[in-house]
K.L.:
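Have a look at this one before I ask anything.
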Amino acid sequence: MTGTTSRAPRPAADSALVLPRYLRDPEEQRTPLAYPGYKSTGLRAPLRTPVDLPHRLTEVTGPVLGEDRVLPTDADLTLRMGGEAQGQRIIVFGRVLDSDGRPVPDALVEVWQANAGGRYRHVVDNWPAPLDPHFDGLGRVITDSLGRYEFTTIKPGAYPWGNHHNAWRPAHIHFSLFGQAFTQRLVTQMYFPGDPLFEQDPIYNAIPPSARYRAISRFDLDRTQDNWALAYQWDIVLRGKDQTPFETDDDGDVA
């Protein structure tokens with residue numbers, strides 16, 4: 001999932017197993033590891049050029065992520081702990097595609113997000129917005145044969161995060177994608193169209209300008225549900241000229 005594999009020569013019958021390596025994107029297409037406006041990267045960005053290590057057998061074969069480990073209720077974040085979450089109900093849907101526009105089936109798509117008040121259910125979140133007893137902000141689903149995914153959730157609120165004076169994060173949902181092995185993981189964030197906080201957010205602005213639109217979902221009136229939910233479409237492209245901006249393995253957790 002982290003990249004297109006370079007096809008290795010077919011090994012001779014008596015030779016050792018040859019495992020694929022993953023190609024790195026050109027530097028100009030990558031979100032930088034250190035971005036001056038994003039204060040936290042000053043401490044965790046590597047000081048030396050990372051070294052790619054070839055994946056070994058266990059890293060490309062396990063764990064296997066099967067449908068039986070994901071429940072249908074995992075895709076509905078609005079119904080938790082015996083009640084219904086507060087806030088604007090939304091449907092978030094899209095497809096996972098490869099660089100040639102082909103669907104990627106059987107990918108595990110996980111999301112985590114703040115509640116309608118902009119607060120995460122996390123021990124280090126001390127933003128004094130109320131916690132929602134019926135919202136944990138966690139969901140997951142397996143893409144179908146056409147690469148489609150869909151979640152029902154609550155539109156997250158903005159929140160302050162202390163990066164700079166009067167710093168607020170735009171509303172966003174974190175996405176994690178797994179392929180067929182634990183090391184095949186990609187992490188990114190989905191934003192909402194027209195957010196007034198884009199211009200002052202260093203995480204959003206760390207994305208190369210020509211690629212920022214790929215991180216923003218599209219409001220879809222046709223997919224809204226009358227008297228029930230708004231709808232946003234966001235397709236995730238794994239590689240190529242239309243690739244979705246991803247956080248790198250070296251970024252660590254971000255706000």
Side-chain angles (χ1 to χ4, degrees), residues 2-3 24-50 88 90 92 94 96-97 99 109-120 122 124-127 129 137 153-177 185-220 232-255:
T2 53
R24 292 179 67 85
D25 301 324
E27 197 63 34
E28 63 273 15
Q29 296 181 17
R30 294 170 59 89
T31 301
L33 300 177
Y35 187 73
Y38 183 7
K39 194 163 57 177
S40 300
T41 63
L43 295 175
R44 62 188 183 211
L47 299 178
R48 298 181 180 178
T49 303
Q88 173 61 62
I90 61 174
V92 177
V96 180
L97 304 167
S99 56
V109 181
E110 297 177 299
V111 295
W112 66 97
Q113 63 167 95
N115 66 19
R119 184 169 178 181
Y120 290 93
H122 193 282
V124 301
D125 190 339
N126 56 8
W127 163 231
T153 184
I154 297 296
K155 186 173 183 179
Y159 57 85
W161 64 303
N163 183 76
H164 55 274
H165 173 68
N166 201 22
W168 292 76
R169 292 286 346 263
H172 61 280
I173 297 176
H174 297 270
F175 274 70
S176 166
L177 287 83
R185 188 190 187 202
L186 294 172
V187 176
T188 186
Q189 299 182 26
M190 185 203 87
Y191 296 91
F192 292 86
D195 197 308
L197 296 172
F198 282 156
E199 292 186 2
Q200 62 85 57
D201 182 62
I203 297 179
Y204 172 80
N205 288 307
I207 302 172
S210 62
R212 289 174 190 165
Y213 74 95
R214 301 176 203 161
I216 303 173
S217 58
R218 180 179 67 84
F219 175 68
D220 188 336
Y232 293 88
Q233 179 180 5
W234 194 52
D235 292 338
I236 302 170
V237 181
L238 301 184
R239 292 189 63 84
K241 62 182 179 61
D242 296 323
Q243 178 182 338
T244 301
F246 294 104
E247 299 159 18
T248 70
D249 294 341
D250 308 296
D251 285 341
D253 293 330
V254 296

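Excluded from the calculations below are hydrogen atoms, water molecules and symmetry mates; all remaining heavy atoms, backbone and side chain alike, are included.
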K.L.:
Show the numbers, then the answer: is there a side-chain contact (heavy atoms from CB on, under 4.5 Å) between F246 and I236?
P.N.:
CA-CA 10 Å; F246 294 104; I236 302 170; 3.8 Å; yes

K.L.:
So do P160 and W127 actually touch side chain to side chain, heavy atoms under 4.5 Å?
P.N.:
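A side-chain contact exists here, since the closest heavy-atom pair is under 4.5 Å.
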
K.L.:
Is the backbone of W168 close enough, under 3.5 Å, to the side chain of Q200 for a donor and an acceptor to pair up by distance?
P.N.:
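Yes.
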
K.L.:
Taking all heavy atoms of A171 and all of D195, pick out the closest pair and write down the distance.
P.N.:
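Scanning both residues completely, I find the closest heavy atoms to be N-OD2, 3.1 Å.
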
K.L.:
Can you find a heavy atom in the side chain of T244 that is under 4.5 Å from one in the side chain of F175?
P.N.:
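A side-chain contact is absent here, since even the closest heavy-atom pair is not under 4.5 Å.
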
K.L.:
Please work out which of the three classes, parallel, tilted or perpendicular, describes the rings of H172 and Y159, given edges at 30° and 60°.
P.N.:
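It falls in the tilted class, 30° to 60°.
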
K.L.:
Donor-acceptor check, side chain of N205 to backbone of F198, threshold 3.5 angstrom: yes or no?
P.N.:
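Side chain of N205 to backbone of F198, a donor-acceptor pair under 3.5 Å: yes, one is there.
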
K.L.:
Are Y213 and R218 close enough that a side-chain donor and a side-chain acceptor fall under 3.5 Å?
P.N.:
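Looking only at side-chain atoms, R218 and Y213 do not form any donor-acceptor pair under 3.5 Å.
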
K.L.:
In the structure I gave you, are the side-chain heavy atoms of V92 and M190 within less than 4.5 Å of one another anywhere?
P.N.:
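Yes, side chains in contact.
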
K.L.:
How long is the span from the CD1 atom in I173 to the CD1 atom in I90, to the nearest 0.5 Å?
P.N.:
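Taking CD1 in I173 and CD1 in I90, the distance rounds to 4.5 Å.
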
K.L.:
Looking at S176 and R185, what are the two nearest heavy atoms and their distance?
P.N.:
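Heavy atoms only, the tightest pair is OG-NE, 2.8 Å.
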
K.L.:
Out of curiosity, Q243 CD to S99 OG, how far, rounded to the nearest 0.5 Å?
P.N.:
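Between atom CD of Q243 and atom OG of S99 there are 9.0 Å.
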
K.L.:
Looking only at heavy atoms, which two atoms of P245 and A215 are closest? And how far apart?
P.N.:
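Between these two residues, the closest heavy atoms are CD-N, 4.3 Å.
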
K.L.:
So do the side chains of I203 and Y35 get within less than 4.5 Å of each other, counting heavy atoms only?
P.N.:
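SC-SC contact between I203 and Y35 ruled out.
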
K.L.:
For the residue pair L238 and V96, establish whether any side-chain heavy-atom pair is separated by less than 4.5 Å.
P.N.:
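Side-chain contact under 4.5 Å: yes.
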
K.L.:
Tell me the closest heavy-atom pair linking A45 and A34, and the distance in Å.
P.N.:
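Smallest interatomic distance, heavy atoms only, reads CB-CB, 3.6 Å.
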
K.L.:
Is the ring pair Y120/H174 parallel, tilted or perpendicular, if the boundaries are 30 and 60 degrees?
P.N.:
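Y120 vs H174 ring planes: tilted.
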
K.L.:
Check the pair V237 / R214 against side-chain contact (heavy atoms from CB on, under 4.5 Å), numbers first and verdict last.
P.N.:
CA-CA 9 Å; V237 181; R214 301 176 203 161; over 6 Å; no

K.L.:
Do you know the tightest heavy-atom contact between N163 and Y38?
P.N.:
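What the structure gives for the nearest pair is OD1-C, 3.7 Å.
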
K.L.:
If I take atom OG1 from residue T188 and atom CD1 from residue I207, how far apart are they, to the nearest 0.5 angstrom?
P.N.:
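Here the interatomic distance stands at 6.5 Å.
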
K.L.:
Taking the side chain as every heavy atom from C-beta outward, state whether R169 and L197 have any atom pair closer than 4.5 Å.
P.N.:
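Heavy-atom side-chain distance check fails, nothing below 4.5 Å.
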
K.L.:
OH/Y191 to OH/Y204 distance, rounded to the nearest 0.5 angstrom?
P.N.:
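Spacing of OH (Y191) from OH (Y204) equals 8.5 Å.
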
K.L.:
Drop me the distance from H164's NE2 to K39's NZ, to the nearest 0.5 angstrom.
P.N.:
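Atom-to-atom, H164:NE2 and K39:NZ are 9.0 Å apart.
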
K.L.:
Start with the C-alpha distance between Y232 and K155, add both sets of side-chain angles, then the distance that settles side-chain contact (heavy atoms from CB on, under 4.5 Å), and finish with yes or no.
P.N.:
CA-CA 10 Å; Y232 293 88; K155 186 173 183 179; 3.9 Å; yes

